[in-house]
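Please read all numbers here as calculations on a predicted model, not as lab measurements. Note on naming: letters A, B, ... go to the chains in the order of the sequence lines (proteins, then strands), and numbering restarts at 1 for each one.
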Protein chains: 2
Amino acid sequence: MTKVENIPLSRKLSAFVALSKADLAVIERLHRRRRSFASGRDMVHQGQAGQAAYILSVGWVCSYKIQPDGTRQIVDIQVPGDFLGLRSVLLRTSDHSFEPIGEIQAAEVLPGDLLEVFAQAPRLALAILWAVSRDEAMVVEHLVCIGRRDAEARMAHFLLELGSRLALVKMGSKAGYDCPLTQYHLADALGLSAVHVNRVLRQLRDSGLVTFRDGHVTFHDYNRLVELAEFDPAYLDQIGPLLK
Amino acid sequence: MTKVENIPLSRKLSAFVALSKADLAVIERLHRRRRSFASGRDMVHQGQAGQAAYILSVGWVCSYKIQPDGTRQIVDIQVPGDFLGLRSVLLRTSDHSFEPIGEIQAAEVLPGDLLEVFAQAPRLALAILWAVSRDEAMVVEHLVCIGRRDAEARMAHFLLELGSRLALVKMGSKAGYDCPLTQYHLADALGLSAVHVNRVLRQLRDSGLVTFRDGHVTFHDYNRLVELAEFDPAYLDQIGPLLK
DNA sequence: ATGCTGGGCTGATCGAGAGCAGCCTTCGGG
DNA sequence: CCCGAAGGCTGCTCTCGATCAGCCCAGCAT
């Protein structure tokens with residue numbers, strides 16, 4: 001068993017709140033029901049009822065919605081330390097599906113566990129609420145990206161955001177990060193065709209900004225990329241006043 | 001002062017939970033700090049800190065994000081009974097702006113009020129949490145629309161969703177509803193140009209599906225429109241198991 | 001009365017990105 | 001050893017929707 005301080009969720013929250021021993025103990029307890037899921041097989045399928053939530057500890061997951069015509073839209077990517085499916089605990093049925101990208105490990109969280117956290121570790125509960133708000137802010141930013149930016153900016157923004165999120169859990173830096181996504185994932189996330197994703201990636205590579213290749217993202221000129229993407233990490237970095 | 005049962009928030013929540021006398025009393029108390037806002041003047045500007053949240057009682061509001069290049073994306077529309085700005089209470093600064101569409105009235109909600117609700121009316125608190133989740137589900141659906149549907153389907157979906165939401169607070173039906181939005185609002189919400197919005201509206205009108213004109217939306221063939229939009233109101237209608 | 005502004009409407013042109021078609025490489029399984 | 005599938009890559013054509021330009025009408029301020 002990894003040390004509590006190295007559980008991705010601890011790392012992520014620690015970046016914003018000083019976690020007490022008690023908080024860490026609760027985080028550890030939350031991870032008691034470990035589950036593994038195989039690549040590609042949906043963990044939760046849209047429309048499914050009575051779902052648990054999870055805390056992702058190893059691997060990546062994407063949450064998406066499928067249209068009747070077969071096209072899909074990836075709404076969000078989860079990386080280690082992220083919650084997933086919290087909303088399907090509150091609503092009866094899940095409104096979207098979750099697909100593991102590669103083998104993953106996640107801790108199952110039942111409604112009862114949440115009540116426990118809220119009762120025993122209010123400070124941690126607040127931190128979780130904050131994390132949920134942040135996820136929501138990310139979805140909103142994603143919406144803006146798709147609605148109002150061109151393909152190049154979308155891609156740049158997406159890769160930068162992932163970088164920032166991974167940096168929080170020590171899995172990436174301004175130099176780059178490992179990334180198990182395929183170009184199809186990128187297409188489904190950004191509302192583009194796979195073909196066009198390929199071209200955009202080449203464009204970005206040719207202009208010396210960023211390389212996406214062989215499961216690795218390498219930033220060549222972080223600052224110029226930020227500029228191109230109009231990437232403002234404020235919505236990722238800010239901490240709530242209630243947590244200070 | 002209107003009767004509590006007719007406050008839009010009561011109407012909306014009543015559609016899903018049986019509210020007790022005590023719950024209604026709390027709702028009434030939440031509406032004690034009434035504010036009016038003039039058309040077009042942002043109530044909250046993106047980046048502004050230390051904001052209150054509001055419960056909208058009269059009029060419509062849109063929440064949007066402005067890009068550096070001036071284009072804007074409307075993320076969501078609020079109609080009577082909706083919360084707005086709840087997230088900016090939890091995060092330090094608001095990540096988007098709110099613009100009243102026409103004169104509006106809203107009740108100010110301070111962080112303290114929320115704590116009060118959670119302490120005194122846990123059932124109502126759950127209902128609020130549910131409402132927030134539902135709002136989130138709407139944003140996700142919006143994202144899918146923009147990412148993976150063409151202009152016509154987007155428009156149809158948008159008008160239908162608004163219709164369903166308004167029906168909840170008795171301000172609309174399958175026949176139609178009053179709608180203060182301009183074609184510019186539609187454009188900014190759907191990620192289209194105003195010009196194209198106009199064309200799409202004409203198309204929908206010419207094919208006898210729906211008319212958007214003079215501040216009124218009229219459905220001519222609700223079922224065919226639902227089909228065109230692939231509109232599935234499941235994400236709007238479902239109630240959480242915890243509330244039953 | 002006259003201009004001005006906001007909202008709606010239309011035509012013509014242009015371009016980003018979709019769709020289609022096909023090729024290459026790698027990798028895992030019979 | 002071969003085959004097929006998955007992922008990546010490229011060229012060509014075509015379409016959806018952006019952009020530009022301009023007109024119309026109603027309301028209102030001067």
Side-chain angles (χ1 to χ4, degrees), chain A residues 38-41 60 62 67 69-74 99-103 145-156 158 178-206 210-218 228, chain B residues 38-41 60 62 67 69-74 99-103 145-156 158 178-206 210-218 228:
Chain A
S39 181
R41 291 277 191 77
W60 293 29
C62 70
Q67 304 277 107
D69 69 1
T71 60
R72 80 168 180 176
Q73 174 67 50
I74 291 180
E99 180 198 302
I101 298 167
E103 294 276 312
C145 257
I146 290 187
R148 291 289 163 192
R149 297 219 239 267
D150 67 15
E152 215 179 1
R154 270 185 237 182
M155 180 68 73
F158 184 80
D178 288 324
C179 170
L181 301 177
T182 67
Q183 296 187 352
Y184 290 87
H185 286 123
L186 295 179
D188 287 343
L190 301 176
L192 300 170
S193 68
V195 174
H196 199 59
V197 161
N198 185 289
R199 286 188 239 275
V200 170
L201 286 175
R202 181 158 52 81
Q203 239 175 280
L204 289 173
R205 191 176 344 116
D206 288 351
V210 61
T211 299
F212 176 98
R213 175 167 276 172
D214 298 329
H216 198 83
V217 172
T218 313
L228 170 69
Chain B
S39 181
R41 290 279 190 76
W60 293 29
C62 70
Q67 305 276 109
D69 67 3
T71 60
R72 82 168 178 174
Q73 175 68 49
I74 291 180
E99 180 198 304
I101 297 168
E103 294 278 312
C145 257
I146 290 185
R148 289 291 165 193
R149 295 218 238 271
D150 66 16
E152 216 181 358
R154 269 185 238 182
M155 180 66 74
F158 184 80
D178 289 324
C179 170
L181 300 177
T182 67
Q183 297 189 351
Y184 289 88
H185 286 121
L186 295 178
D188 286 345
L190 300 175
L192 299 171
S193 68
V195 175
H196 200 58
V197 161
N198 186 289
R199 286 189 238 277
V200 170
L201 286 175
R202 182 156 54 80
Q203 243 176 278
L204 289 173
R205 193 177 342 117
D206 289 351
V210 62
T211 300
F212 176 97
R213 175 168 276 170
D214 298 327
H216 197 83
V217 173
T218 313
L228 170 69

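- Between the C1' atom of D:dT19 and the CG atom of A:D150 lies a distance of 15 Å, rounded to the nearest Å.
- Contact annotation: A:R154 does not reach the phosphate of C:dA16 (side-chain N/O to OP1 or OP2, under 4.0 Å).
- Of the side-chain N and O atoms in B:N198, none sit less than 4.0 angstrom from OP1 or OP2 of C:dG8.
- A donor atom on one side chain and an acceptor atom on the other are not found under 3.5 Å apart for B:H196 and B:S193.
- Distance, B:Q203 CD to D:dC16 C1': 11 Å, rounded to whole Å.
- Nucleic acid contact for A:G215: none, since no nucleic acid atom lies under 4.0 Å from a heavy atom of the residue.
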Please determine whether side-chain contact (heavy atoms from CB on, under 4.5 Å) holds for the pair A:I146 and A:Q73, giving the CA-CA distance in whole Å, both sets of side-chain angles, and the decisive distance to 0.1 Å.
CA-CA 11 Å; A:I146 290 187; A:Q73 174 67 50; 3.5 Å; yes
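- With C:dC9, C:dA18, D:dC9 as the candidates, the nucleotide lying closest to the side chain of B:R213 is C:dC9.
- A:V195 comes within 4.0 angstrom of a nucleotide base, judged by non-hydrogen atoms across all strands.
- Environment of CG in B:D214: sparse, with no more than 12 heavy atoms of neighbouring residues, nucleotides or ligands closer than 6.0 Å.
- Put simply, NE2 on B:H196 is 14 Å from C1' on C:dG15, counting in whole angstrom units.
- Between A:L192 and B:D214, the residue anchored closer to the 5' end of DNA chain C is B:D214, taking for each the nucleotide with the nearest heavy atom.
- For the side chain to side chain contact (heavy atoms under 4.5 Å, CB included) criterion with B:V197, the lone passing option out of B:M155, B:H185, B:R202 is B:M155.
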For side-chain contact (heavy atoms from CB on, under 4.5 Å), just list the numbers for A:V200 and A:L204, CA-CA rounded to whole Å, side-chain angles, deciding distance to a tenth of an Å, and then say yes or no.
CA-CA 6 Å; A:V200 170; A:L204 289 173; 4.2 Å; yes
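- Of the two residues near DNA chain D, A:T182 and B:R149, the one whose nearest nucleotide lies more 5' is A:T182.
- A straight line from NE2 of B:H185 to C1' of C:dG7 spans 11 Å, rounded to a whole angstrom.
- To the nearest angstrom, C1' of D:dA18 lies 16 Å from CD of B:Q183.
- Here C:dG17 is the nucleotide among C:dG17, D:dG11, D:dG17 with the atom lying nearest to any side-chain atom of A:A151.
- Within 4.0 Å (heavy atoms only), B:G40 reaches no atom of the nucleic acid at all.
- The base of D:dT19 lies close enough to the side chain of B:R199 for a donor and an acceptor atom to sit less than 3.5 Å apart.
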